[in-house]
Amino acid sequence: MRLSSLLERFNEPETLKMAKLSRQLRSSGIDITDLSLGEPDFDTPDHIKQAAKKAIDDNFSHYTPVSGYLDLREAICAKLERENGLHFTPEQITVSNGAKQCIANFILSLIDDKCEVIIPTPYWVTYSEIVKLAGGKVVLVKTSSNNGYKITPQQLEEAITPFTRLFMFSSPCNPTGAVYSKEELRALAVVFSRHPEVMIMSDEIYEYINFSGRHESIAQFPEIKDRVIVINGLSKGYAMTGYRLGYMAAPEVIARACDKVQGQFTSGVNAVTQRAAIVALSGGHDSIDKMVTEFKNRRDRVMGLISSIPGIHCSVPPGAFYVFPDVHSYFGKSSPSGANIANADDLCMYFLNEAHVSVVTGRAFGEPNCIRISFANSIQNIEKGFEKIKNALQQLR
Ligand code: PLP
């Protein structure tokens with residue numbers, strides 16, 4: 001069967017591939033410890049579930065406006081004002097099936113052939129692939145653990161060319177957990193002020209999962225605000241990945257363009273999810289705070305477990321729910337069955353097939369010396385997974 005050449009432009013997400021392989025092994029009866037998860041292992045808070053049930057009973061069963069119900073977009077504006085000090089109007093908001101669709105809509109709306117998109121590495125797997133799908137050129141800028149995996153103003157300045165159309169990043173970052181401070185964002189904003197043609201996509205989906213203090217958005221700097229596209233959603237903070245709701249706050253012309261794309265691809269988001277989202281965004285933060293406290297405990301436990309494994313370097317993540325250790329000292333070794341562990345991909349497959357623990361290769365995030373280990377799992381499973389990892393590494397020769 002001949003398929004479209006479009007499919008050759010981009011790769012399948014490595015995170016989903018790993019989840020699929022884990023499920024396959026598990027269904028054949030193998031006890032896989034899953035440390036590749038990209039979603040909270042908590043339940044959606046009860047008051048939000050009640051709102052979803054009520055929406056079904058109230059017959060929210062019809063097509064919804066492409067950009068989202070007006071009262072949901074108003075609730076999003078109120079949240080942005082209250083929590084982030086950002087002023088947006090409902091016309092500047094588009095609600096989509098997850099932050100992932102917001103990003104896809106936006107990239108397809110903005111990026112043409114020859115456009116350059118600057119992405120600091122390590123980055124979330126989907127960024128580069130959607131840019132490639134749209135025909136853009138991905139310009140990766142390598143950050144290092146010495147600088148907390150954050151791009152410096154100088155690196156940014158050097159990466160910008162007359163073809164640069166967009167800079168995209170996440171804070172807190174998946175996979176490193178890096179969190180940009182207000183001063184660091186201000187320094188980047190100064191660089192952007194010198195380049196008025198460059199747009200900025202700020203992915204803030206991990207906003208609440210921040211162990212280091214207040215969340216800061218780069219959209220707060222008035223001199224660049226009209227070029228910032230804020231991406232956020234309910235998946236991570238409210239443990240609502242399966243509900244599928246993300247939102248974008250952007251200049252109105254971008255919001256309209258994204259509506260046009262979404263109007264042909266999927267139309268508006270599920271009505272029940274949107275009603276539940278209004279309650280989530282307008283409610284208190286008790287359940288979020290509890291979840292974040294638990295994530296912080298796990299983060300600390302994970303750092304303790306990692307420090308007992310020789311040959312691994314790992315910085316402490318100030319946000320999100322992943323650690324991203326450098327494991328390259330194990331490359332070039334052989335497994336007990338004689339398989340060569342040449343790189344992080346081989347190491348992840350060795351962990352999965354021989355040790356029955358799943359983690360994700362750093363190559364997918366643009367950092368081939370590392371692997372991503374999720375702590376969105378119980379302490380018991382985290383300890384079990386690390387025991388497996390430690391034993392497996394000890395057996396490499
Ligand atoms: N952005 C980042 C950095 C993510 O890690 C994810 C999910 O893993 C998303 C966006 C997409 O989230 P969703 O589509 O579930 O809202």
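Worth saying up front: this structure is predicted, and the values here are computed from it rather than measured. Whatever order the structure lists them in is the order used to number ligands and atoms, beginning at 1.
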Name the residue from Y322, F42, F211, Y206 that meets the ring-ring contact (aromatic ring centres under 6.0 Å, His included) definition with F295.
F42
Under 4.0 Å between heavy atoms, the region of S235 that gets near ligand 1 turns out to be side chain
CD on E294 to OG on S378, rounded to 0.5 Å
9.0 Å
Please state whether E39 comes within less than 4.0 angstrom of ligand 1, counting heavy atoms only.
no
Any donor-acceptor pair under 3.5 Å linking the side-chain atoms of K333 with those of N340?
no
Contacting atoms of ligand 1, where contact means under 4.0 angstrom from a heavy atom of G98:
13 (P), 14 (O), 16 (O)
Is the shortest distance from a heavy atom of T241 to ligand 1 less than 4.0 Å?
no
Answer yes or no: is there an ion pair linking D300 with K296, defined by an N-O contact shorter than 4.0 Å?
yes
Taking only non-hydrogen atoms of R244 and a 4.0 Å limit, the atoms of ligand 1 in range are 13 (P), 14 (O), 15 (O)
Taking the six-membered ring for Trp, are F192 and F221 closer than 6.0 Å centroid to centroid?
no
Is there a donor in the side chain of N232 and an acceptor in the side chain of E207, or the other way round, less than 3.5 Å apart?
yes
Just to confirm my output: which protein heavy-atom neighbour is closest to atom 11 (C) of ligand 1, and how far is it?
W124 CH2, 3.5 Å
To atom 7 (C) of ligand 1, the nearest of K100, K236, E204 on a heavy-atom basis is K236
Look at R194 together with E157 and state whether they make a salt bridge at an N to O cut-off of under 4.0 Å.
yes
Any N or O of N174 that comes nearer than 3.5 Å to an N or O of ligand 1?
yes
Would you check whether Y206 has a nitrogen or oxygen atom less than 3.5 angstrom from a nitrogen or oxygen atom of ligand 1?
yes
Between atom CZ of F60 and atom CD of Q274, what is the distance when rounded to the nearest 0.5 Å?
10.0 Å
Among protein heavy atoms, which sits nearest to atom 3 (C) of ligand 1, and what does the distance come to when rounded to 0.1 Å?
D203 OD2, 3.3 Å
Please state which protein non-hydrogen atom is closest to atom 16 (O) of ligand 1 and give its distance, to 0.1 Å?
A99 N, 2.6 Å
